[in-house]
Amino acid sequence: MKELPKNYEPQKYEKDIYEKWEKSGAFTPKIDHKKRPFVIPMPPPNVTGILHVGHASMLAYQDILTRWHRMLGQPTLWYPGTDHAAIATQEVVERKIKNETGKNRYEIGREKMLEEIKKFAENSRHTILSQIKIMGASCDWTRLKYTMDETSSKAVQEIFIRMHKDGMIYRGDRVVNWCPRCNTTLANDEIEHKDIDGHLYHIKYRLQNDPGKFIEIATTRPETMFGDSAIAVHPQDKKWKNLIGQTVFIPIINREIPIITDEYVDINFGSGALKITPAHDPNDFEIGKRHQLKSILAIDEKGFMTDEAGKYKGLDRFICRENLLRDLEKSGELIEIKKYSHAVGHCGRCKTVVEPRLSKQWFVSVTEKIPGRNKSLQEYCQEFIRAKKIKIIPKRFEKQYFNWVDNFRDWCISRQIWWGHRIPVWYRLNSDVLEVYKRNPNEFRQLIENETNITVSIENPEKDKPADGSKNEHWVQDPDTLDTWFSSGCWTFGPHGWPDETEDLKYFTPPNAEVVMETYWDILTLWVVRMNLMTAYALDEIPYQTVYLHGAIVDKNNKKMSKSRPETCIDPRDIIEKHGADVLRLSLIIGSAPGAQLALAEEKIIGCRNFITKIWNVARFIIEQPDFETAPAISESKTLSTSQRWILSCIEDLKKHSKKSLKSFHFSAYGEALYDFLWNSFADWYLEISKIETGSTPILKEVLKNFLILAHPIIPFVTEKIWQEAEFTKTQLISETWPEFNKKLIDQKAQAEMNKIQAMIKAIRSARAEAKINAGAKIKTIIEANTNKELFTQNIGIIKKLSRCEEISFSNKKPTGNIFSFMAGTDSAHIIMDDLIDSVAEKTRLNKEVNEIKLYITGLEAKLNNKKFIKNAPKEVVSKEKEKLEQAKLRLEKLDKQIKTLS
RNA sequence: GGGCGAUUAGCUCAGUUGGUUAGAGCGCACCCUUGACAUGGGUGAGGUCACAGGUUCGAAUCCUGUAUCGCCCACCA
């Protein structure tokens, strides 16, 4: 007989099990053109840090799907990877270097800085990859990807070049969101809007020809006045009508600007006069274009005032504001300050107040039609969802998706940072006219030199001078890099080798493959929209059929776990170390709902740990049965007992529910069904029954085997370990075939019978407690059974043992003497008491039941006496209600009888 | 300013297309050293499903409004 330790110790087994899985090649799909492949691209974690509990939940969902589809027999690919996370990573390293050496990135230099970042990223990458493994993630390591690897980089550069040739990418001067701290542009969705209790400053701009008179403007950012090109009023505004066409002085610096009219101005806001600063406000920029105004930069890229600000030159923009206001007050040009609450953009990364600023940037045009396709990228994104080619779960996020996509504006893709994919564009030195694009300097040099016989010098005019005095040209590559979402937008096809028509690209993408994107709902617009957009352009196809969005993990007080508040953080590695990966996975799945946050608390983790222990002990009990190894497979011909037919039916039910839940992405329901079956049906009832009925081992074995397969996707380690211990097969559980549900094996008769047996056992237990009979005491019970007598007789051993009765007998009438009477369903039963019984308790209990059932009957009768109900409700519902009423009346009748015969 | 979601037991949440006396886990009370498991077993208490209307034979579920909380989007200075 085999012996298993009393407690499951995951630390002892998990590493070995994972290595065995990986070594066996189970993670790598076998390409089979007769089968439909299933694919999950793993959202690549940023190489900025370590795995947190959010990653853990993502991995849990994806591994469940992967393992399930693999067991279903589909060639299943879950490809892992990491994201270089341009701005985020650079920022982390910059801060690190600043702390260590006190130097900023400009002092370090581009090349040296990139080396440092690369080193850091590699390090971080390795940590993250090993952490993905300890979660049990069954992803294909032979297809490990990285957004900066050769394959992905090639795709990124190629798509840039193609889009540019198609006119879908252009370079232009625009007012963009600028972070003075990060020193780069930010896309709209990298901005966080926060409501600020600010001020609206009313300022005088004096007339040139009559300094005693002035026009009053209102602004929240007075420091931008040095970039003003005009004052605009509404053409119909009577208040300022006389001043139109005149010029005014900008205070302090006394530069002249005209007063113009524009429909855009809101007469009722502020003073009705708007200062126009084309270089620092997107609306002003548009107005400036309409009136051919100059764009004047008053604030530089680091947030300091430019020459235009006169004596404020070199001051930080906010210090300038303070000084300026003081000076304006002194000179009498500050009219008033009003409290004004408004939203101000902050850098999503470093929380610095964003400065809208004019600069030359690269953009993706989203509303222009793609040449030869008669559809814009925006239209693709709309159509994917509208035509139901892509399903978003939960559906309500489709609204958020459209809210974003319908208001799409051209996407600024250039960033003034160094870490990332450099824009593959070259210029002649001192010219910003694009000349040629090529991926890397050597490729570029070769191209020019082959075609022109000119020696090319790259970025260093002094070096590489040809010795023979032949022609020499100097070229520079665009210094900017691409938005990190530009490369992660290629995640569904780039890593497969696009633009080459590789086997992976054809096999593992739609329409051939079933692809699911499972990610955090927060990046729906940031990432999912970009993948749709990029895939639409590259493949003229959807990237996936389903987007499943999970929510954030919060602590038990519903607070988001954040690094800044360590007390809220649960480190996934701690849980794995203490309780194993299965426990962590369960805790993250049970109670989760798509798009909703999930509370993870210590109590829940303990509950899940208890469940794993329970599974282990159930398995231990079964495997330690003396006849475990020799027990034959169950055959249908053999006559089975009620309980045996019942538990086999339950397993069939579990198969049905598991499949239904997984198919519809109801991960929690799947986990709960497993929990409920194993604990409440199998352990609490059948295992106990198996100790009473002989010949149970084949059934126990069969149920355990099926349960292990069904539970494997969510708790892979413990199920695999038990599978090996039980030696169900010579192979690993990970490669087992998912058991198909067979409707014929659902035995409703067995279920109904078992319900009656359970009801009787529960009623006896309950009565014992009510009658205050010692739990250990053996008792005698008499059942007044009518129709169920045969069933109870057949299962009398079970009823006796589980209700702890010494003897159970049947009778046609109520016995006399010291008895405690109660009911189980419609059967009366009586416990024979040694002593005088507490008739008060008995009466109380019976009366309580009578009251409940009377209320119930009243409700049913009212319903059935309602002619409209009879007329309108479906026949099944009516007959069901009638049946219920009959049963209730029967029960009431017996209860009444019992009460009457009470002494 | 525009939009979305939530409100069910002390706590965390299920509740599929309206149709069992509204469920689970945790917690709580009482009992139990039953030979797989005390990380266990048994019994029980606890809800007018946020509020007010409406539709319907029938509403936790559908509609309207109110309140509270949460979230997203946004170039009115």
Side-chain angles (χ1 to χ4, degrees), chain A residues 4 6-8 175 177 188-189 193 200 217-221 224 232 264-266 268-271 273-277 281-286 340 342-343 345 356 394 396-397 399-400 403-404 407 409 521-522 524-525 556 558 579 590-593 595-599 601 603-604 606-625 660 664 666 668-669 672 675-676 680 683-684 687-688 691 762 765-770 772-776 801-802 804 852-853 855-856 859-860 863 866-874 876-878 880-881 884 888:
Chain A
L4 263 59
K6 195 169 156 185
N7 285 316
Y8 173 65
V175 173
N177 300 301
N188 292 331
D189 41 17
H193 290 272
L200 199 52
I217 62 94
T219 179
T220 54
R221 297 190 300 154
T224 62
Y264 172 80
V265 181
D266 181 351
N268 299 316
F269 189 90
S271 63
L274 173 65
K275 69 188 215 46
I276 305 298
T277 323
D281 185 290
N283 292 312
D284 291 8
F285 182 75
E286 291 304 315
Y340 182 60
H342 63 133
R396 68 188 140 93
F397 281 97
K399 281 177 187 162
Q400 195 175 311
N403 189 358
W404 175 262
N407 297 305
R409 269 169 293 146
W521 67 266
D522 204 29
L524 174 66
T525 50
K556 63 178 169 188
N558 274 332
H579 307 298
I590 303 264
S592 71
Q597 57 184 32
L598 177 88
E603 300 84 48
K604 190 172 180 186
I606 295 298
C608 291
R609 183 208 52 187
N610 295 353
F611 178 52
I612 298 291
T613 310
K614 190 78 184 177
I615 296 172
W616 180 255
N617 277 291
V618 165
R620 183 159 82 105
F621 173 76
I622 296 169
I623 292 171
E624 289 182 356
Q625 292 299 308
K660 196 177 155 200
S664 55
H666 287 107
S668 183
E672 284 165 47
Y675 186 100
D676 183 58
N680 300 330
D684 285 353
L687 238 60
E688 294 306 322
K691 294 174 187 168
K762 282 177 170 231
R765 284 170 177 170
S766 177
R768 293 176 63 117
E770 211 82 29
K772 303 232 176 349
I773 297 169
N774 187 290
K801 183 90 187 286
L802 296 188
R804 303 181 68 74
E852 272 171 14
I853 204 146
L855 219 69
Y856 180 47
L860 283 171
K863 207 180 215 179
N866 186 337
K867 278 175 195 155
K868 284 183 182 170
F869 172 70
I870 304 292
K871 199 179 135 203
N872 292 324
E876 306 92 71
V877 175
V878 176
K880 226 171 161 186
E881 297 297 299
K884 278 194 266 176

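From a predicted model like this one, the values you see are computed outputs, not experimental measurements. Just the heavy atoms: all of them, side chains too, but no hydrogens, waters or symmetry mates, feed the values below. Just so we're on the same page: letters track the sequence lines, and every chain starts at 1.
For the C1' atoms, the distance from B:G54 to B:U20 is 27 Å, rounded to whole Å. To the nearest whole angstrom, the two C1' atoms, one in B:C31 and one in B:G10, are 23 Å apart. B:G2 and B:A9 are spaced 33 Å apart, taking the P atom of each and rounding to whole Å. Annotation: B:U7 and B:A52 have their C1' atoms spaced 15 Å apart (nearest Å). Taking atom P on both nucleotides, B:G41 is separated from B:U33 by 16 Å, rounded to a whole Å.
Distance from the side chain of A:Asn403 is smallest to B:C73 among B:C37, B:A77, B:C73.
Between A:Ser668 and B:C13, a side-chain N or O to OP1/OP2 separation shorter than 4.0 Å is absent. Contact check, A:Lys614 against B:U39: no side-chain N or O comes under 4.0 Å of OP1 or OP2. Between A:Arg396 and B:G5 there is no side-chain polar atom (N or O) within less than 4.0 angstrom of OP1 or OP2. One finds a side-chain N or O of A:Lys691 lying less than 4.0 angstrom from the OP1 or OP2 phosphate oxygen of B:A36. OP1 or OP2 of B:G40 sits under 4.0 Å from a side-chain N or O of A:Asn610. The side chain of A:His193 places an N or O atom within less than 4.0 Å of a non-bridging phosphate oxygen (OP1 or OP2) of B:C75.
The backbone N or O of A:Thr613 lies less than 3.5 Å from a partner atom in the side chain of A:Asn617, making a donor-acceptor pair. In terms of modelled atom types and a separation under 3.5 Å, the side chain of A:Lys604 and the main chain of A:Ile590 share a donor-acceptor contact. For A:Arg620 (side chain) and A:Asn7 (main-chain N/O), no donor-acceptor pair under 3.5 Å exists by modelled atom type. A:Arg409 places no side-chain N or O within 3.5 Å of a backbone atom of A:Asn188 that could act as its donor or acceptor partner.
For B:C75, its base sits under 3.5 Å from the side chain of A:Asn283 at one donor and acceptor pair at least. In this model, a side-chain donor or acceptor of A:Glu688 finds a partner on the base of B:A36 within 3.5 Å.
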Every protein N/O lying under 3.5 Å from an N/O of nucleotides 30-32 of chain B:
none

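Residues passing the ring pair (Phe, Tyr, Trp, His ring centres under 6.0 Å) test with A:Phe269 are A:Tyr340, sequence neighbours excluded.
As judged by a 4.0 angstrom heavy-atom cut-off over every strand, A:Trp404 is placed among residues touching the sugar-phosphate backbone only. At a threshold of 4.0 angstrom between heavy atoms, the contacts of A:Pro356 with the nucleic acid are absent. Within 4.0 Å (heavy atoms only), A:Lys867 reaches no atom of the nucleic acid at all. Counting any heavy atom pair closer than 4.0 Å across all strands shown, A:Lys6 reaches sugar-phosphate atoms only and no base atom.
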_Applying side-chain contact (heavy atoms from CB on, under 4.5 Å) to A:Trp616 and A:Leu4, what does each step give before you reach the verdict?_
CA-CA 9 Å; A:Trp616 180 255; A:Leu4 263 59; 3.9 Å; yes

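We find that NZ of A:Lys868 is positioned 18 Å from C1' of B:G19, with the value rounded to whole Å.
Rounded to the nearest 0.5 angstrom, A:Asp284 CG and A:Tyr264 OH are separated by 7.5 Å. The CD1 atom of A:Ile217 lies 8.5 Å from the CG atom of A:Leu274; values are rounded to the nearest 0.5 Å.
Stem analysis of RNA chain B (Watson-Crick or G-U pairs, both distances under 3.5 Å, runs of at least three) returns B:1-7 with B:67-73, B:10-13 with B:23-26, B:28-32 with B:40-44, B:50-54 with B:62-66.
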